[in-house]
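Take a look at the structure set out below.
To find a chain, count down the sequence lines: A is the first, B the second, and so on, and within it residues start at 1.
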There are 2 protein chains.
Amino acid sequence: MGDEALSAGAVARRLGVAVTTLRTWHQRYGLGPSQHLPGHHRRYTPADLARLEIMRKLTSDGVTPAEAARWARQVPVPGPAGEPPTVVANRVRPGGERDGGGQTIPVGRAGPAARGLARAAMRLDSVAIGETIGQTLATDGVVATWEGLLRPVLAGIGERHAATAGLIEVEHLLSRCVSEAFATVARAGSATGPARLLLSCADEEQHTLPLEALAAALAEAGVAYRMLGARVPAAALVEAVNRTGPAAVVIWSHTLATADPAQLTALLASPRRPLLVLAAGPGWRADSLPAGVVRPVDLAEAVSLALAVRDSLDQSVEG
Amino acid sequence: MGDEALSAGAVARRLGVAVTTLRTWHQRYGLGPSQHLPGHHRRYTPADLARLEIMRKLTSDGVTPAEAARWARQVPVPGPAGEPPTVVANRVRPGGERDGGGQTIPVGRAGPAARGLARAAMRLDSVAIGETIGQTLATDGVVATWEGLLRPVLAGIGERHAATAGLIEVEHLLSRCVSEAFATVARAGSATGPARLLLSCADEEQHTLPLEALAAALAEAGVAYRMLGARVPAAALVEAVNRTGPAAVVIWSHTLATADPAQLTALLASPRRPLLVLAAGPGWRADSLPAGVVRPVDLAEAVSLALAVRDSLDQSVEG
DNA sequence: TACGAGTTGCGTCGATTTCTGCGTCGATTT
DNA sequence: AAATCGACGCAGAAATCGACGCAACTCGTA
């Protein structure tokens, strides 16, 4: 293991701050070299440097230095190895099974449960739908249920709907059942501590289900949040952010039409700028997002990001 | 990181009130930091925060702020021993019980629970909202909760929203919580027998909450139903009716714009014409309804009509 | 039904406190 | 000799303070 010990000046130059500031950070926030004898020169290990990097990043994102320091101090310094992406087990069917043509919903290779759910939906059988969802939810959890069961079926219906202009009732009924199932999970979960997360749809955005999935997943993990719902005008969102000062905000946009980057910009410019802004959903174009906005690909990624924020803020006090 | 001293802004954000309100509470009710030098910044200890939490909880329960403050001031806050409890002059109110004012939602004479719910909503406090609704739902049932608690508060918000063009976030958050609560009831109820009832919004109609209330009330009464949800085109509705052959159909319309009588006519002309068609909601004009359509005034009336249908079918089938 | 009195949350304004990065100085380490 | 250390202080920015006032609600009364 490379045993490099950086001097104060080197670290300062690397971070872009003055040497004295490093000293101040050490005294004021306890952000210094892991071991240091008073009067002697400071020697920063790579781990110490990583901590400082976090500090730098957060402060340049607009976080209060005191708070950023609290975070940097508590985050277990991430090892050099990159985090393995959370892989959602995608149950592949063993045989190249072919399943019904006829009046069904294309669910792709999403497993038998999905096909069953699709059938129940076609029958408008809300009881069977509710049972299937509840079962899977209890067994596999929210994230897996969403990715492996609900999303495929919903996507399949949407596809068919676009092609044949029918199936609207099916889509409505299923949506409603999914919504109910998520709501049940959300209400069952016991939130711990104040809500530091705000979930909202973009302006004019109607689709709430993915956000509800996120909410349910968070509730399942014991994370408190506030959910605003569909069609939230930018002004209202900013207003809510200013009132509640969330650490992170998730904005969902389903289509390009509702993905106005101005909403994000307004958020970033708000007085109580949230620590993290997540632009979720297929509507957002990666190249049009303002700097400082993160774009999760997955429900799983969104959840883990939210969890990270929660964990790091857990013991800290706002400043 | 042992002693947390929360700043005014942090506390305000945590409680969901404005910073100025905290100051007002301090001056008016003596609810401030235990020790505070005039001119200096306020530093709230955990004990102080606990006192404010009591204040928050009481006001969300509908208690007059002045009285809530009196309680909060007297409750022995379990704090670090050694310091004598701050005794504040107990300003007794000369007049009798009064309430109202400030940035609140007009609920009229709808009871303290409604006022508490309104306050919780203004604070975007979804936990308190959920608790209040759940409590009332369990105690009074769906119908009473809707008429006596939810509808007044929602109407108040809507009114205010129309007047000031604000409060959208509040409306969204509350709607979401109500929706969740109803969903929980709907899923808890055990349906008996096949669903002979179809609930649907009119075409283009966005408001689902009243229908959800009806659904929850039906579930509470053990009636099975199918719920299609918002924005159901007439063709899709007819399709659903033909597929499932319900005995009764409820169509909700909130505004005149979505209350096209043609939808009802189409229903009555469908091959599997339902026994009963209910046009619910303030959108429908009594004089424009085709013959054979019933228009319930109330949630209660809609429920009892649905029950009547269920019962009559039961006898005819079983007999 | 309309109106005045009492209550209450919160926006605004100029002054003050607090935070934060960094420069300076004499002594010490490398 | 160069770099750094600890202590101290400063200046700009952000947050907060106290005072004041407004708007809107409720309730009793005319």
Next on the checklist: Looking at B/Lys57 and B/Glu53, is any side-chain nitrogen of the basic one under 4.0 Å from a carboxylate oxygen of the acidic one?
Outcome noted: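 No, B/Glu53 and B/Lys57 are not salt-bridged.
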Atom-pair distance ([atom1] on [X]; [atom2] on [N]), nearest Å:
| X | N | atom1 | atom2 | value |
| --- | --- | --- | --- | --- |
| B/Leu22 | C/dG9 | CG | P | 11 Å |
| B/Leu167 | D/dA23 | CG | C1' | 14 Å |
| B/Glu67 | C/dT8 | CD | P | 11 Å |
| B/Tyr44 | D/dA15 | OH | P | 17 Å |
| B/Met122 | D/dA23 | CE | C1' | 13 Å |
| B/Trp25 | D/dC17 | CH2 | P | 15 Å |
| B/Leu124 | C/dC10 | CG | P | 11 Å |
| B/Asp125 | C/dG9 | CG | P | 15 Å |

Next on the checklist: Give me the atom names and distance for the closest heavy-atom approach of A/Ala68 to A/Thr59.
Outcome noted: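 In terms of heavy atoms, the two residues are closest at CB-CG2, 3.9 Å.
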Checklist entry - What are the two closest non-hydrogen atoms of A/Leu15 and A/Trp25, and how far apart are they? => result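 Heavy atoms only, the tightest pair is CD1-CZ3, 4.5 Å.
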Next on the checklist: Using the side-chain heavy atoms of A/Thr64, tell me which of these nucleotides is nearest: C/dG11, C/dC22, C/dT20.
Outcome noted: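 Closest of the options to the side chain of A/Thr64: C/dT20.
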Next on the checklist: The side chain of A/Ala8 is closest to which nucleotide in this list: D/dC5, C/dT8, C/dG21?
Outcome noted: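 Closest nucleotide among those given: D/dC5.
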Item to check | side chain to side chain donor-acceptor pair (under 3.5 Å) partners of residues 124-141 of chain B, not counting sequence neighbours, each pair once | outcome: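 Output for this query lists B/Arg56-B/Asp125, B/Arg123-B/Asp125.
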With a 4.0 Å cutoff (strictly under), does any side-chain N or O of [X] reach OP1 or OP2 of [N]?
| X | N | value |
| --- | --- | --- |
| B/Thr20 | C/dG9 | no |
| A/Arg28 | C/dG21 | no |
| A/Thr24 | C/dC22 | no |
| B/Arg23 | D/dC17 | yes |
| A/Thr21 | C/dC22 | yes |

Item to check | Contiguous Watson-Crick or G-U pair runs (3 or more, under 3.5 Å) in DNA chain C | outcome: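 DNA chain C stems, ordered by first number: C:1-30 with D:1-30.
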Kindly compute the distance separating [atom1] ([X]) from [atom2] ([Y]), expressed to the nearest 0.5 Å.
| X | Y | atom1 | atom2 | answer |
| --- | --- | --- | --- | --- |
| B/Tyr29 | B/Arg51 | OH | CZ | 15.5 Å |
| A/Arg42 | A/Ser7 | CZ | OG | 11.5 Å |
| A/Leu228 | A/Leu211 | CG | CG | 9.5 Å |
| A/Leu305 | A/Leu276 | CG | CG | 6.0 Å |

Next on the checklist: Out of the candidates A/Leu278, A/Leu237, A/Val293, only one should pair with A/Ile251 under the side-chain contact (heavy atoms from CB on, under 4.5 Å) rule; please name it.
Outcome noted: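 It is A/Leu237; the other options fail the test.
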Next on the checklist: Is the ring pair B/His254/B/His207 parallel, tilted or perpendicular, if the boundaries are 30 and 60 degrees?
Outcome noted: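 Ring orientation of B/His254 relative to B/His207: parallel.
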Item to check | Contact list for DNA chain C against residues 31-43 of chain A - heavy-atom distance below 4.0 Å | outcome: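 Those residues are A/Gly39, A/His40, A/His41.
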